[in-house]
Amino acid sequence: MKSITIDKEKITDKIRNIPDPEIPVITIEDLGILREVVFTGDGVEVKITPTYTGCPAMKAIENEIVETMKEEGLQATVSLVYSPAWTTDWLSVEARKKLLEYGIAPPAEGEAANRLVIPKKNIACPHCGSASTTLVSQFGSTACKALYKCNTCLEPFDYFKCH
Amino acid sequence: MQNHLFNYLLRLGDTSLILSHRLAEWCGHGPILEEDIAMTNISLDLIGQARALLTYAGEVEGKGRTEDDLAYQRGERDYYNLLIVEQSNGDFAKTMMRQFLVSAYQHCLYDALRNSKDKTLAAIAEKSIKEVAYHLRHSSEWIKRLATGTEESGMRTRNALADLWLYTGDMFDADDTDNEMLKAGIGADQRKLQKAWEKIVGEVFEASSLDMPKDVFMVNGSRRAQHTEHLGHLLSEMQILQRTIPGAAW
């Protein structure tokens, strides 16, 4: 009977730092997708919560978790938890900063509840910082993003929608 | 009770799935690129909801059926989606009118289901309402623009309304399953749902100078899996791969 000593901290750390497949500068912990890591026998159960119900990246994240754990010699099962519902309000200050540096405008703070209303504050351009921007489409390249364009530097950019 | 819950979940899941399929038909054919993306994005949100609901339905049924088994191995006499979502896309006005009427319904429905005594259903509703809020906003804005735009867009919008209104009664029917679900504190109150829906629709129609149709004979039957002529054709397209090569997997 094989008995392995699991370095729980090291394993949890590895899981926390798994990058988002679409936005590799952000980890699944930054995004608030990772909910819980439970050690069971000689395996680990990782609970994640989907951002959007149809988000195709969730499968990629699930596979990444299983692969990463396999490298550590551990059997991982990934389960989806829907409650509490994921919200952009969970994005850390660090996460927002990373998004901006990557060229994606982070979601307006505290506006997750105002989905039926146009956001009050203008969204600043992540390239030049100008507040003179226009919404091109509420639906962008992925389920979580909207498409904007900057009236000052004329570059298009993605905006992470409030959710 | 489990049987009623299973039926209830199928109705919700099938409605999202069929509408998702209809919207996916627009892929590559949208009037402008932004709308091509918008409609397929909405379709993606809806298929996510369908997956969550059908997966849960399979668990409730307890016979080992997965979301795929339920989506691809049932015929139209075993599908329970609302009649309005299986209607053909028509022109952009008809697609937006259908989206508006259905998104308003789903928004009210999920708002009620967030407080469901069934924790899983409540969680799915809590998640889904956030996405539906964007669908509702998008389609409402289009109704206002199209209805009050040009003579042509106004005419197409009014034709769309005339084509679809007769399927809206089907949304608010109540049968034994609805009544049992309501009694158990799991499902929504169909009457309250209708009132909430009429309020939203009324407001948008007022802003669009559209009249709420009156005294229209309603076509119904989705709860008995009695469908319009469209569903059979739709499913034969949607299910062709899985029917041809049963058990096909990546």
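Order of the sequence lines fixes the chain letters, A, B, ..., with proteins taken first and strands second; residue numbering starts at 1 for each chain. Quick note: numbers below take in every heavy atom, side chains included, and nothing from hydrogens, waters or symmetry partners.
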K.L.:
Grab the two heavy atoms, one from Asp45(B) and one from Thr53(A), that are nearest each other, plus how far apart they are.
P.N.:
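Taking Asp45(B) first and Thr53(A) second, the nearest heavy atoms are O-OG1, 3.2 Å.
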
K.L.:
Evaluate whether atom CD of Gln75(A) has more than 12 neighbouring non-hydrogen atoms of other residues, nucleotides or ligands under 6.0 angstrom away.
P.N.:
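No.
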
K.L.:
Check this for me: Arg51(B), atom CZ, are more than 12 non-hydrogen atoms of other residues, nucleotides or ligands nearer than 6.0 Å?
P.N.:
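12 or below, so no.
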
K.L.:
Would you compute the distance between atom NE2 of His138(B) and atom OG of Ser137(A) and round it to the nearest 0.5 angstrom?
P.N.:
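Here the interatomic distance stands at 6.5 Å.
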
K.L.:
If I measure from the heavy atoms of chain B, does Val136(A) come under 4.5 Å with its side chain, its backbone, both, or neither?
P.N.:
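Backbone plus side chain of Val136(A), per the 4.5 Å heavy-atom cut-off to chain B.
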
K.L.:
Which answer fits Thr49(A), side chain, backbone, both or neither, if we ask what part of it has an atom under 4.5 Å from a heavy atom of chain B?
P.N.:
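Neither part.
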
K.L.:
Is the shortest heavy-atom distance from the side chain of Leu44(B) to the side chain of Pro56(A) under 4.5 Å?
P.N.:
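A side-chain contact exists here, since the closest heavy-atom pair is under 4.5 Å.
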
K.L.:
Tell me whether the rings of His163(A) and Tyr134(B) are parallel (<30°), tilted (30 to 60°) or perpendicular (>60°).
P.N.:
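Parallel: the ring planes of His163(A) and Tyr134(B) meet at under 30°.
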
K.L.:
Tell me whether Gln73(B) at atom CD has more than 12 heavy atoms from other residues, nucleotides or ligands lying less than 6.0 Å away.
P.N.:
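Yes - once you tally the heavy atoms of other residues, nucleotides and ligands closer than 6.0 Å, there are more than 12.
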
K.L.:
Any side-chain heavy-atom pair from Glu126(B) and Tyr82(A) closer than 4.5 angstrom?
P.N.:
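Not in contact.
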
K.L.:
Please check if the number of heavy atoms outside Glu101(A) that lie under 6.0 Å from its CD is greater than 12.
P.N.:
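Yes, enclosed.
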
K.L.:
Lys130(B) versus Thr87(A): any side-chain heavy-atom pair under 4.5 Å?
P.N.:
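Yes, at least one pair of side-chain atoms sits under 4.5 Å.
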
K.L.:
Is it true that atom CD1 of Ile18(A) has more than 12 heavy atoms of other residues, nucleotides or ligands lying nearer than 6.0 Å?
P.N.:
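Result for CD1/Ile18(A): enclosed.
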
K.L.:
Measure from the side-chain N and O atoms of Lys127(B) to the backbone N and O of Pro84(A), and report whether any donor-acceptor pair falls under 3.5 Å.
P.N.:
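No, Lys127(B) side chain to Pro84(A) backbone: no donor-acceptor pair under 3.5 Å.
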
K.L.:
What are the two closest non-hydrogen atoms of Ile37(B) and Gly140(A), and how far apart are they?
P.N.:
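Residues Ile37(B) and Gly140(A), closest heavy atoms: CG2-O, 3.2 Å.
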
K.L.:
Work out which heavy atom in Ala143(A) is nearest to a heavy atom in Asn41(B); give both atom names and the distance.
P.N.:
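Heavy atoms of Ala143(A) and Asn41(B) come nearest at CA-OD1, 3.3 Å.
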
